[in-house]
A.B. asks: 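Okay, here's the structure, questions in a sec.
Because only heavy atoms are used, hydrogens play no part in the values below, and waters and symmetry mates are left out as well, while side chains stay in.
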Amino acid sequence: MSRGSGGGYDRHITIFSPEGRLFQVEYAFKAVKSAGITSIGVRGKDSVCVVTQKKVPDKLLDQTSVTHLFPITKFLGLLATGMTADARTLVSQARNEAADFRFKNGYEMPVDVLANWIANKSQIYTQHAYMRPLGVVAMVLGIDEETGPQLYKCDPAGHYFGHKATSAGLKEQEAINFLEKKMKNDPSFTYEETVQTAISALQSVLQEDFKATEIEVGVVKKENPVFRVLSTEEIDEHLTAISERD
Amino acid sequence: MGDSQYSFSLTTFSPSGKLVQIEHALTAVGSGQTSLGIKAANGVVIATEKKLPSILVDEASVQKIQCLTPNIGVVYSGMGPDFRVLVRKSRKQAVQYHQLYKEAIPVTQLVRETAAVMQEFTQSGGVRPFGVSLLVAGFDDSGPQLFQVDPSGSYFSWKASAMGKNVSNAKTFLEKRYTDEIELEDAVHTAILTLKEGFEGQISGKNIEIGIIGEDKIFRVLTPAEIEDYLAEVE
């Protein structure tokens with residue numbers, strides 16, 4: 001006889017439900033969506049670009065302090081979609097881990113190693129009751145010495161994959177559908193194409209044209225593998241290029 | 001493991017004497033992608049479906065079949081993140097065995113220690129069981145071996161086994177085609193045919209993974225090109 005879910009706690013902590021699901025992990029995914037922001041990442045031939053909305057809810061807020069794009073090291077960037085407080089914890093720990101890696105191993109932490117570390121930490125929260133999963137989807141980007149530009153996405157369940165393009169947040173599924181069409185024939189995007197694909201994907205999915213102050217863009221390029229957040233002027237250039245192209 | 005706040009087990013007996021958390025973990029395994037293993041007379045083959053959530057995922061970044069030691073490999077059905085934890089722990093145990101005894105860990109020992117870890121998580125405070133079943137394939141001085149380990153921590157040696165969504169059809173298929181004298185090459189073909197049985201869509205070298213170990217006692221994962229060759233032979 002199949003009994004109920006052990007007192008109904010399967011919704012409160014990360015234990016299995018009768019269907020073999022982890023409700024707390026599923027709710028963490030919902031929390032990512034409830035932040036109301038959509039993010040997009042695209043990997044080109046020799047660059048990676050991530051874009052996210054910049055919603056400043058109050059005019060009195062200092063806009064420069066509102067950000068979801070974080071440099072982890074000089075060469076690695078992280079775009080956190082979801083609950084900002086959880087994002088800051090994750091970023092702080094990731095920075096520590098990356099610096100420790102560099103110190104102990106003598107070379108920079110590669111993108112996939114950081115993604116693996118983030119995902120393993122997330123997995124611990126899905127298995128131990130004392131900590132809830134983080135309500136954050138992290139996109140990590142960088143240029144790998146051996147494999148070139150890399151974009152990894154880590155979610156609250158502890159999954160992580162390398163992506164040619166991906167999305168997270170409120171309109172995640174619509175964005176992925178849009179990107180699947182664009183990337184179907186395995187295109188090889190230049191830097192400009194990469195950035196413009198990412199921005200136009202966001203515009204298409206949210207059905208609005210952005211001003212440069214309403215989005216954040218982060219890039220890494222093979223010829224200069226430093227993680228950079230684009231300035232408003234640079235974003236404007238790309239937005240103009242997109243509108244002229246259409 | 002488990003924080004002091006949760007110094008009580010989350011997996012407890014129901015009035016009927018069942019550990020329901022383990023049953024739910026098995027359900028999680030049963031909804032995972034199909035995987036299987038076949039022990040041949042001169043080696044072992046393990047295989048799994050590799051269905052990725054989107055074509056945007058870089059399939060080269062994902063490897064479901066992992067090496068625990070040069071002569072032992074493992075595949076899973078169920079939750080990927082939990083699998084990664086077990087792979088790390090098993091690899092560490094294998095290395096520690098080697099440091100102590102200066103020889104490669106026998107397959108049965110490694111399986112036993114991995115299973116012990118899985119059992120701990122069904123009894124310790126503040127943790128849930130692992131949502132994976134493992135198929136461990138190895139070749140040591142006792143010959144080729146295939147073990148299945150369940151979330152409860154129980155393990156058995158199998159001639160051929162399957163796990164995940166299509167388990168009953170796959171096992172029926174394997175029962176029909178298995179012979180004690182089956183050779184490794186034939187076992188690979190049988191593995192592919194078994195996966196094909198329940199496969200949705202077009203099977204190719206990119207959406208399945210196959211790992212083999214032969215008399216050379218070296219476990220390796222086949223490249224997509226090699227899988228395509230086998231697929232052509234099977235047609």
Side-chain angles (χ1 to χ4, degrees), chain A residues 1-7 9-10 13-22 24-25 41-43 111-112 115-116 119-120 122-131 147 150-167 173 175-177 179-184 186, chain B residues 1-32 50 52-63 77-89 121-122 124-132 151:
Chain A
M1 129 179 103
S2 148
R3 292 212 107 237
S5 46
Y9 285 103
D10 54 351
I13 51 175
T14 39
I15 56 175
F16 284 113
S17 76
E19 304 84 42
R21 292 154 64 181
L22 294 173
Q24 274 294 299
V25 175
V42 177
R43 183 183 83 186
V111 192
D112 59 320
N116 188 7
N120 285 345
S122 306
Q123 191 281 338
I124 293 179
Y125 302 148
T126 73
Q127 196 166 23
H128 292 251
Y130 70 105
M131 292 276 272
T147 49
Q150 294 292 325
L151 171 68
Y152 277 82
K153 185 169 81 168
C154 317
D155 64 26
H159 288 116
Y160 79 106
F161 297 119
H163 287 266
K164 301 167 194 168
T166 189
S167 165
Q173 197 46 54
I176 289 190
N177 295 342
L179 291 166
E180 278 183 358
K181 287 197 204 107
K182 286 259 167 176
M183 312 285 284
K184 202 161 47 170
D186 244 339
Chain B
M1 75 227 73
D3 216 29
S4 57
Q5 298 276 57
Y6 277 93
S7 52
F8 53 89
S9 178
L10 302 175
T11 308
T12 51
F13 286 109
S14 71
S16 57
K18 288 197 207 164
L19 290 168
V20 273
Q21 274 296 300
I22 296 180
E23 312 234 334
H24 301 337
L26 283 162
T27 315
V29 171
S31 47
K50 186 160 113 172
L52 295 168
S54 159
I55 56 161
L56 296 173
V57 174
D58 186 354
E59 78 277 340
S61 76
V62 181
Q63 199 177 302
S77 277
M79 301 165 72
D82 287 8
F83 175 65
R84 286 203 311 270
V85 174
L86 287 170
V87 166
R88 284 175 73 104
K89 288 196 198 268
F121 278 71
T122 67
S124 297
V127 291
R128 62 161 173 82
F130 284 97
V132 287

A.B. asks: As an exercise, state the distance from CG of A/Leu151 to OG of B/Ser61, rounded to the nearest 0.5 Å.
C.D. replies: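 Between A/Leu151 CG and B/Ser61 OG, I get 10.0 Å after rounding to 0.5 Å.
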
A.B. asks: To the nearest 0.5 angstrom, please state how far the CD1 atom of B/Ile55 sits from the CG atom of A/Asp186.
C.D. replies: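 Output value for this atom pair is 8.5 Å.
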
A.B. asks: Please classify the contact between A/Leu22 and chain B as side chain, backbone, both or neither, with a heavy-atom cut-off of under 4.5 Å.
C.D. replies: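 Only the side chain of A/Leu22 comes within 4.5 Å of chain B.
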
A.B. asks: Under 4.5 Å heavy-atom distance to chain A, tell me which part of B/Leu26 shows up: side chain, backbone, both or neither.
C.D. replies: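 The answer is neither part of B/Leu26.
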
A.B. asks: Atom CD of A/Gln123 and atom CZ of B/Phe83: how far apart are they, to the nearest 0.5 Å?
C.D. replies: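 That separation rounds to 12.5 Å.
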
A.B. asks: So which part of B/Leu10 gets closer than 4.5 Å to some heavy atom of chain A, the side chain, the backbone, both or neither?
C.D. replies: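 Only the side chain of B/Leu10 comes within 4.5 Å of chain A.
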
A.B. asks: I'd like to check the side chain to side chain contact (heavy atoms under 4.5 Å, CB included) partners of A/Thr147; sequence neighbours left out, ordered by chain and number.
C.D. replies: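 Side chain to side chain contact (heavy atoms under 4.5 Å, CB included) check on A/Thr147 returns A/Asp144, A/Gln150.
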
A.B. asks: Using side chain to side chain contact (heavy atoms under 4.5 Å, CB included) as the criterion, list what pairs up with B/Ala25, not counting sequence neighbours.
C.D. replies: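 Only A/Phe16, B/Pro129, B/Pro151 meet the side chain to side chain contact (heavy atoms under 4.5 Å, CB included) criterion with B/Ala25.
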
A.B. asks: So for A/Glu180, is it side chain, backbone, both, or neither that comes closer than 4.5 Å to the heavy atoms of chain B?
C.D. replies: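 Answer is both: backbone and side chain atoms of A/Glu180 are under 4.5 Å from chain B.
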
A.B. asks: Given that the side chain runs from C-beta out, which part of B/Glu59 has a heavy atom under 4.5 Å from chain A: side chain, backbone, both or neither?
C.D. replies: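 Contact with chain A involves the side chain of B/Glu59 alone.
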
A.B. asks: Just checking, any donor-acceptor pair under 3.5 angstrom between side chains of A/Thr126 and B/Arg128?
C.D. replies: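 A/Thr126 vs B/Arg128: donor-acceptor pair found between side chains.
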
A.B. asks: Taking side chain as everything from C-beta outward and backbone as N, CA, C, O, which of these in B/Val85 sits under 4.5 Å from a heavy atom of chain A? Side chain, backbone, both or neither.
C.D. replies: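 The side chain, not the backbone.
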
A.B. asks: Does the B/Arg88 side chain pair with the main chain of A/Asn120, one donor and one acceptor, at a distance under 3.5 Å?
C.D. replies: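 Not confirmed, B/Arg88 side chain does not pair with A/Asn120 backbone.
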
A.B. asks: Output the option from B/Asp58, B/Val62, B/Thr27, B/Leu52 having the highest count of non-hydrogen pairs under 4.5 Å with chain A.
C.D. replies: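 So the answer, after comparing B/Asp58, B/Val62, B/Thr27, B/Leu52, is B/Asp58.
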
A.B. asks: Go through the atoms of A/Ile13 and report whether side chain, backbone, both or neither lie under 4.5 Å from a heavy atom of chain B.
C.D. replies: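 Only the side chain of A/Ile13 comes within 4.5 Å of chain B.
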
A.B. asks: At their closest point, which heavy atom of A/Ala157 faces which heavy atom of B/Pro81, and how far apart are they?
C.D. replies: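 Smallest heavy-atom distance, with atoms named: O-CG, 3.1 Å.
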
A.B. asks: Could you go through B/His24 and A/Ile15, starting from their C-alpha distance and side-chain angles, then the distance that decides it, and tell me whether this counts as side-chain contact (heavy atoms from CB on, under 4.5 Å)?
C.D. replies: CA-CA 9 Å; B/His24 301 337; A/Ile15 56 175; over 6 Å; no

A.B. asks: Could you grab the distance from atom OG of B/Ser54 to atom NE2 of A/His163, nearest 0.5 Å is fine?
C.D. replies: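 Result: 7.5 Å between the selected atoms.
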
